[in-house]
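Report on the following structure.
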2 protein chains.
Amino acid sequence: MSQRDFVSAEEVAQRAGVSRSAVSRAFTPGASVSEATRQKVLQAAEELGYQVNHLARGLMRNESGIVCLIVSEVATPYRSALLRELTQQLQIVGKVAMLVNTDRSDGSVDRALQQAIRYRADASIILSGLPDKSITQLCLRSGQRLVLINRDDDQPGPLRINLDDHEAAGRVVTAFVRAGCTKLAFANSEAGTPSLMAREAGFIAAAKAHGLDVVVERYGWTGYEAGKLVAQRLLTQSERPDAVFCATDLLACGLMDAARHQFSLSIPDQLCVVGFDDIEQASWSSYDLTTFAQPVAAIARQAVTWLGESPSSDRLEGHSVTLHAELAWRGSVRGG
Amino acid sequence: MSQRDFVSAEEVAQRAGVSRSAVSRAFTPGASVSEATRQKVLQAAEELGYQVNHLARGLMRNESGIVCLIVSEVATPYRSALLRELTQQLQIVGKVAMLVNTDRSDGSVDRALQQAIRYRADASIILSGLPDKSITQLCLRSGQRLVLINRDDDQPGPLRINLDDHEAAGRVVTAFVRAGCTKLAFANSEAGTPSLMAREAGFIAAAKAHGLDVVVERYGWTGYEAGKLVAQRLLTQSERPDAVFCATDLLACGLMDAARHQFSLSIPDQLCVVGFDDIEQASWSSYDLTTFAQPVAAIARQAVTWLGESPSSDRLEGHSVTLHAELAWRGSVRGG
DNA sequence: GCAGCATTTGCACACGCTTGCAAAAAGCGT
DNA sequence: ACGCTTTTTGCAAGCGTGTGCAAATGCTGC
């Protein structure tokens with residue numbers, strides 16, 4: 001294998017004329033070192049290009065500084081935005097992100113968590129998929145923190161961060177009603193994740209409260225193409241909907257494009273559309289989509305600060321946080 | 001601190017009734033263990049939920065299995081797509097990605113590389129920014145491999161993966177000329193990275209070869225908003241361009257939206273547009289943008305296979321790979 | 001100068017793993 | 001049964017670091 005040769009604390013100690021422990025202490029905030037030797041060490045380290053070996057440090061301290069991010073569909077706008085916030089927040093508190101892509105087969109979330117354990121990650125943050133309960137238990141038993149984002153699992157132990165999907169979906173109905181819409185539809189994928197289903201259920205429930213029915217169409221994976229296909233199905237029905245709530249902005253973009261370019265419908269005059277996530281493209285003037293903003297920064301902050309807190313408090317019970325999704329009014333619904 | 005308690009090889013050995021070394025060997029492919037004890041160990045490990053400590057393993061083997069990805073603007077479509085491919089490819093060869101976000105201040109690329117060294121990453125892949133030469137030297141001296149993607153640096157040592165930007169830009173001119181365009185423009189940002197500048201230079205050079213002038217406009221950061229603003233500047237000129245090559249798809253999207261919605265221009269009838277990157281949105285029917293496809297999968301494969309090769313071959317000279325950007329013909333240019 | 005105290009320093013062990021080496025066990029041909 | 005070779009096994013050293021403990025050093029006030 002490659003002949004790797006990083007400089008060690010030993011060499012620094014030798015050059016600075018001190019003991020190896022002095023070097024260690026010089027790099028440990030709050031350790032007992034005189035300013036004089038600290039400077040000698042730091043200079044020697046600088047000259048040699050010494051960097052503390054975090055593998056060894058993690059081994060000793062029993063704290064690696066690694067946080068594992070488990071995520072599929074990394075290249076999706078919402079996911080990548082969340083990724084950006086998480087990595088940034090983590091770095092601020094001195095941790096580093098290990099990214100595990102679970103796009104391949106399923107059950108790979110479990111293997112991802114195993115990977116996290118192998119590297120003795122201080123915590124794992126799961127953005128997609130759901131781990132097997134046994135693996136979750138193993139993580140907690142090993143003292144690894146766990147954060148579930150937007151996966152409404154009821155296992156105790158992990159921190160669960162969710163949005164008020166159900167309630168938010170209700171607010172869409174009133175918006176549609178105020179715009180004078182009567183034939184409501186919901187566009188979803190077949191993924192069936194809890195958050196998607198909560199939006200669907202909330203929408204239907206609120207519609208019923210207004211005495212309105214809603215046509216539901218689900219197709220494939222939650223992306224642009226699926227949105228186009230759902231549009232085909234919805235807009236060719238005998239009673240064409242005049243308002244559709246899409247479970248996701250990507251679905252909404254696909255649906256809007258199909259509505260305009262294939263069915264020559266004008267938005268919002270003939271069709272009102274609302275999405276969810278507030279991805280960057282939602283604000284592009286071709287879409288100008290009214291949508292719910294995922295508070296990605298707040299989500300990331302919640303997750304990271306929880307990691308910093310003392311774990312003793314609610315180790316057994318776990319913690320659940322519900323954040324508010326604010327409706328970003330744009331031009332895809334009449335009468336904002 | 002948290003009382004972490006992972007199960008160790010010692011406990012597994014005890015339960016399986018073998019020595020520590022047997023456990024170690026059971027988890028080392030190709031090590032000398034009898035099938036019988038191997039099974040005993042594996043079962044005990046399974047029951048206890050044992051996972052090899054990769055920090056300790058990395059310390060011994062002098063090979064962490066970590067590859068550091070250094071990247072800014074993670075949430076950008078092109079970057080996130082590259083990220084997806086890289087993580088996937090890395091996982092296939094049994095490595096794991098450590099993601100360092102350099103969005104904050106500059107010079108942070110250097111700090112990111114220091115982080116990579118601290119964790120004894122086997123390699124670092126730089127997707128954005130450029131490291132200081134001294135840090136690069138330190139990495140190489142320490143035996144850490146380095147890959148630069150689309151940053152045309154001439155330092156020896158690292159693997160440099162680039163596209164044929166200059167030549168590709170030339171092909172745009174012929175496409176525009178064939179479409180009957182005569183008033184060419186180039187839309188760029190002020191980022192000034194080598195790949196962006198190569199596209200600009202290639203475009204101008206090829207235009208000159210055809211006896212055509214080109215108006216260049218640069219503004220801000222390479223994104224959608226910049227595209228809109230560049231459009232304002234370009235389309236209000238006395239001699240309005242009839243064809244514009246955008247250094248990036250995001251710029252192109254912004255420019256197209258402005259052209260259509262603010263200037264009521266029809267694309268491609270009154271204005272031809274070509275972009276670069278082939279982000280997902282380029283194929284959305286609202287844009288249907290003719291653009292150059294970044295061969296993200298090929299780039300990732302190149303990087304990862306190079307990491308697997310023996311380092312002895314060209315340690316000093318480094319290696320440079322130029323990949324081909326294929327033009328994806330769509331509807332934003334007349335007469336594909 | 002010296003006792004008394006606070007601060008700094010070095011030694012040595014521990015963390016969990018891999019691996020060379022020699023001893024033990026197993027296979028094999030006669 | 002024996003000697004021989006091949007495989008398997010345990011011991012112990014080592015990877016680079018943090019840290020408790022005791023020794024050493026530096027101060028302060030007489």
Side-chain angles (χ1 to χ4, degrees), chain A residues 1-41 44-45 48-66 117-122 142-143, chain B residues 1-41 44-45 48-66 117-122 142-143:
Chain A
M1 209 54 53
S2 49
Q3 69 281 17
R4 323 203 35 210
D5 187 29
F6 295 92
V7 336
S8 74
E10 182 65 51
E11 307 177 45
V12 177
Q14 211 157 332
R15 181 174 190 112
V18 297
S19 78
R20 204 188 44 73
S21 1
V23 177
S24 182
R25 287 192 248 260
F27 283 96
T28 305
S32 168
V33 215
S34 73
E35 191 54 29
T37 53
R38 219 184 89 87
Q39 287 305 329
K40 271 194 297 184
V41 169
L48 294 174
Y50 170 72
Q51 299 289 138
V52 179
N53 185 335
H54 273 51
L55 300 183
R57 164 178 286 192
L59 196 54
M60 263 305 294
R61 289 224 182 127
N62 204 16
E63 185 178 1
S64 61
I66 296 174
I117 293 185
R118 291 201 199 98
Y119 279 97
R120 297 304 187 258
D122 296 337
S142 305
Chain B
M1 205 60 51
S2 49
Q3 68 281 18
R4 325 213 23 216
D5 186 28
F6 295 92
V7 338
S8 74
E10 180 65 51
E11 308 177 44
V12 176
Q14 211 156 332
R15 179 173 190 109
V18 297
S19 77
R20 261 190 319 283
S21 358
V23 177
S24 183
R25 285 192 251 258
F27 284 96
T28 305
S32 170
V33 215
S34 73
E35 191 55 28
T37 54
R38 220 183 90 87
Q39 287 306 327
K40 272 195 295 185
V41 168
L48 294 175
Y50 170 72
Q51 298 289 137
V52 179
N53 186 333
H54 273 50
L55 301 183
R57 164 177 286 191
L59 196 53
M60 264 305 295
R61 291 226 181 125
N62 204 15
E63 185 178 2
S64 61
I66 295 174
I117 293 185
R118 292 201 198 97
Y119 279 97
R120 298 304 189 255
D122 296 336
S142 307

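Chain identifiers are assigned alphabetically (A, B, ...) following the order of the sequence lines, protein sequences preceding nucleic acid strands; residue numbering begins at 1 within each chain. All figures in this text were calculated on a predicted structure; none of them were measured in a lab.
- Here the CD1 atom belonging to B:Ile117 is positioned 5.0 Å from the OG atom belonging to B:Ser142, to the nearest 0.5 angstrom.
- A ring-centre distance under 6.0 Å is not found for A:Phe6 and A:Tyr50.
- Looking at heavy atoms from C-beta onward, B:Asp122 lies out of side-chain contact with B:Ile66 at the 4.5 angstrom threshold.
- Not a single donor-acceptor pair under 3.5 Å links the side chain of B:Arg25 to the backbone N or O of B:Ala31.
- A distance-only check finds no donor-acceptor pair linking the side chain of A:Gln39 to the backbone of A:Ala36 [under 3.5 Å].
- Remark: P of D:dT8 and CD of B:Gln39 are 14 Å apart, rounded to the nearest angstrom.
- Protein atom CG of A:Asp5 is 12 Å distant from nucleotide atom P of D:dC15, rounded to whole Å.
- A donor-acceptor contact shorter than 3.5 Å is absent between the side chain of B:Ser64 and the backbone of B:Gly58.
- Both B:Ser19 and B:Leu59 sit near DNA chain D, but only B:Ser19 has its closest nucleotide nearer the 5' end.
- As a whole-Å value, the separation of B:Lys40 NZ from D:dG10 C1' is 13 Å.
- Dashed line: the shortest gap from a side-chain N or O of B:Thr37 to OP1 or OP2 of D:dT9 is under 4.0 Å.
- Distance CZ (A:Arg4) to P (D:dC15): 16 Å, rounded to an integer number of Å.
- Across the protein-nucleic acid pair, A:Asn62 atom CG and C:dC13 atom C1' stand 17 Å apart, rounded to whole Å.
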Could you write out each protein N or O paired with an N or O of nucleotides 17-22 of chain D at a distance under 3.5 Å?
{"from": "D:dT17", "atom 1": "OP1", "to": "A:Tyr50", "atom 2": "OH", "distance (Å)": "2.7"}
{"from": "D:dT17", "atom 1": "OP1", "to": "A:Asn53", "atom 2": "N", "distance (Å)": "3.2"}
{"from": "D:dT17", "atom 1": "OP2", "to": "A:Ala9", "atom 2": "N", "distance (Å)": "2.6"}
{"from": "D:dT17", "atom 1": "O4", "to": "A:Arg20", "atom 2": "NH2", "distance (Å)": "3.4"}
{"from": "D:dG18", "atom 1": "OP1", "to": "A:Arg57", "atom 2": "NE", "distance (Å)": "2.7"}
{"from": "D:dG18", "atom 1": "OP1", "to": "A:Arg57", "atom 2": "NH2", "distance (Å)": "2.9"}
{"from": "D:dG18", "atom 1": "OP2", "to": "A:Ser24", "atom 2": "OG", "distance (Å)": "2.2"}
{"from": "D:dG18", "atom 1": "O5'", "to": "A:Ser24", "atom 2": "OG", "distance (Å)": "3.3"}
{"from": "D:dG18", "atom 1": "O6", "to": "A:Arg20", "atom 2": "NH2", "distance (Å)": "2.6"}

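- The interatomic distance linking A:Tyr119 (OH) with C:dC17 (P) rounds to 14 Å, in whole Å.
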